[in-house]
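Just so we're on the same page: letters track the sequence lines, and every chain starts at 1. Because the structure is predicted, anything quoted here is derived from the model rather than measured.
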Amino acid sequence: MTSDLRNRLLLLLLAPLCLLALAGAWLDYRSADEAAGRHDQRLMRLLPALADSILSPAITEEGEPLLLLAPPVEEFLRQNGGTSGFSVLDLKGRVLLGDDWLGNAVPTTQVPEFHSVEHDRVLYRVAVQRSHTGAGELVVALADGSDPRQQWGRQMLLRVLLPNLALIAAAALAIHWAVRRAFKPLVELAEAVERRSPRDLSPIDEAASPAEVRPLVDSLNRLFALVNAQAESQRRFVADAAHQLRTPLAGLQAQVEAWALAARGGAAGAAGAQSSDLMPDVASARVPLAQGAIVLGAEEIEKLRQATRRTSKLAHQLLALSRADARNLDALAPQSVDLKALCESLLEDFLDAATAKGLDLGLEVAPARTHGHGWLLRELLSNLVDNAIQYTPCGGTVTLRCGMEAGSAFLQVEDDGPGVPEAERGRVMQRFYRLPGSAGEGTGLGLPIADEIARAHQAELALGQGARGQGLLVSVRFAA
Amino acid sequence: MRLLLVEDDVMLASGIKLGLTDAGYAVDWVGSGERAEEVLLAESFDAAVIDIGLPGMDGLELTRRLRRPEMAQPSMPVLILTARDALHDRVQGLDLGADDYLVKPYELPELLARLRALLRRSQAATTAVLSFGPLELDAAHRTAGIRAADGMAGVAAASAWPGMQHGGAVPRVHALELGPREWTVLEYLMIHAPKPASKDKLLQALTGWDKEITPNAVEVYVSRLRSKLEPHGVALRSIRGFGYRLELRPASPPG
């Protein structure tokens, strides 16, 4: 946010600055040009005076012509000290008088000519003219090193570009600093909001924020409160609905279970002791056929029973999910939970289900404790084990692990079933999402519940691959 | 076996009653704690199944009251039904005198298994005879035996708990010769069946006999027991990383 603003400010400020610099340079050049024109005029006016200063030719062949500098020329030379010069040449270009370096080209006409010569690292504007003098036709030249146009080019860098660049750099720094400084409260606010978990909708401290952003904090807090209230009422609705559903569902389930047991007992009695190892005393009584009764086959009752179990489980899970919410838990004091005992107790709970499916359900546990809510952790683990048993095909292995690693407790459930492809691992955490083509009677809530409970315990739930390159490994790592 | 069911939800109660009746129990059902207390003052039951969430007097209070000496049978085993999210009630329930609890939503076979275990324990406490399938353990005489079975189909389809109806008075076809430590292990397993027993707990049960006992010793006794029980259709299944569980298997030809 701030860097964007910084760039925009910089751009908006730099563009006019550059335009100003260009305009300044142009104006500068214009004035230099005018001044140079005036200088040329002055040189041109001085040339005849110089020519007039030559009074007579030399007395000897090798001697110099007689020169008496006219006052204007003398004044010019005196005024400009080291940065001026003059020379008198004969028509062959030989320097008769004055500075030796001022003598090369001889003009062909009597019109004054101007050119620039660099001498001794000074650029001179030189005016040359053929003219009649007291010593016959000679060439006179005057040089002025104070030519503004020459100097302008050199000074351009120093006088215009450098200050402008410095100004721009200073402006950039100032903008950077000022924006950072001005936006610090906003950035801090943004960070504070960003750091929050989606569950944390408590109001932001208004007193700690500066006056400029207080209205923003205020409206954010109002929004939080609204969202909070809405989430709360939704959660309460789900909890109430699930709770209300649970009782009639439990009744329905009890009825259907009784029928199923009776039906299975009859079937088992007929077929011999199939699948009766765990229930040696299933009665073979059948429900007597009353008036208006319909007859349901054992298979249909079994279907009915599966559907009832699933519905009842769903109601239970919805309730668990709404109870697992971190905000509801804050009120309860966490206790020390023995994870080893939890694993053992869940093994007992799920042993029959695993045995019925022909799975090898086992433990690899070491003593481990963590702080939390026992019934929720039980819910977490029970959802994981339930999933493992449901999705691992007959003959597979499901292992519960717990222990301490680097000072923090962990729980693991590993199976050698189909696993979850890496691309799907994020999505299976979404409520009601089920892997395409997955078998079993899942509700799509098991992993989300486990994840929710893990978060409520500041633990991290991760999905991975089983040890032998197949299956699913769910790890829950608690904070140390 | 006569059971008292205390449950206010008619649908749930009738389902449970149906299931329990089917399994061979005689079930009396009352809809409130107050009514249950009245009934219990006059009559005795072999066990009670009580829902915690009753209107008026709740299940916990009822459990506390039925342990009072003026009740017809204060030592009656009590199984409490509770919602899973109200699980902290369970500790309270067990403190107040419930013997076991079952978390909703439960399935009927689970309820039956828990009831059987409860009844077996209470039966053992009064008659000193534990039984599991054809297997019987007489705690008073420290003897074990395999009861005559009229075929496995008979065992599977027999009513509620055959061993209990006959007590220990069944003629034995086969007496099991068990060493004292084997006996201890088997007793522990039978008390807890159908729940599995952890190796640690078995080890603790054995340390009464031997101070320097090692976990390996448990395996030794288990494997000895296994060879003695398996020919009679009683399996001692290993639970990986945990312990063992007694299970019934269709008998291999008796050896």
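Here the closest heavy-atom approach between residue B/G15 and residue A/A258 is recorded as O-CB, 3.5 Å.
Checked against side-chain hydrogen bond (donor to acceptor under 3.5 Å, both in side chains), A/R369 has the following partners two or more places apart in sequence or in another chain: A/S336. Residues passing the ring pair (Phe, Tyr, Trp, His ring centres under 6.0 Å) test with A/F410, sequence neighbours excluded: none. For B/K195, there are no salt bridge (Lys or Arg N to Asp or Glu O under 4.0 Å) partners, not counting sequence neighbours.
B/R240 places a side-chain N or O within donor-acceptor distance of the main-chain N or O of A/D360, the cut-off being under 3.5 Å.
For A/L252, the parts lying under 4.5 angstrom from a heavy atom of chain B are both the backbone and the side chain. Both the backbone and the side chain of B/S14 come within less than 4.5 Å of a heavy atom in chain A. Contacts of A/E364 with chain B are made by side-chain atoms alone, with heavy-atom separations under 4.5 Å and no backbone atom involved.
Chain A is approached within less than 4.5 Å, heavy atom to heavy atom, by B/D9 from residues 2-9 of chain B, ordered by number.
Ranked by heavy-atom pairs under 4.5 Å with chain A, the first of B/L20, B/I16, B/I239, B/V10 is B/I239. When the candidates A/T399, A/L249, A/L361, A/V365 are compared by the number of heavy-atom contacts under 4.5 Å with chain B, A/T399 comes out ahead. The choice from A/G374, A/A315, A/A250 that makes the most heavy-atom pairs within less than 4.5 Å of chain B is A/A250.
Rounding to the nearest 0.5 Å gives a distance of 9.5 Å between CD of A/E257 and CG of B/L112.
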Show, in sequence, the C-alpha distance, side-chain angles and deciding distance for A/T355 and B/R245, and conclude whether the side-chain contact (heavy atoms from CB on, under 4.5 Å) test is met. CA-CA 12 Å; A/T355 308; B/R245 177 163 92 154; 3.9 Å; yes
Are A/W259 and B/L18 close enough, and set up right, to give a side-chain contact (heavy atoms from CB on, under 4.5 Å), and what steps lead you there? CA-CA 8 Å; A/W259 298 344; B/L18 186 59; 3.4 Å; yes
If you apply the rule side-chain contact (heavy atoms from CB on, under 4.5 Å), what do you find for A/L351 with B/R237, and how did you get there? CA-CA 11 Å; A/L351 198 54; B/R237 182 174 151 208; 4.0 Å; yes
Pair B/E110, A/D352 - check side-chain contact (heavy atoms from CB on, under 4.5 Å), show working. CA-CA 9 Å; B/E110 200 181 351; A/D352 284 345; 6.0 Å; no
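Around NZ of B/K201, the count of heavy atoms belonging to other residues, nucleotides or ligands within 6.0 Å does not exceed 12. Counting non-hydrogen atoms of neighbouring residues, nucleotides and ligands closer than 6.0 angstrom, the CD atom of B/E219 exceeds 12 such neighbours.
Two residues are said to be in side-chain contact when any heavy atoms from C-beta on lie closer than 4.5 Å; B/P196 and A/E348 meet this criterion. With a 4.5 Å cut-off on side-chain heavy atoms, A/K340 and B/D200 count as touching.
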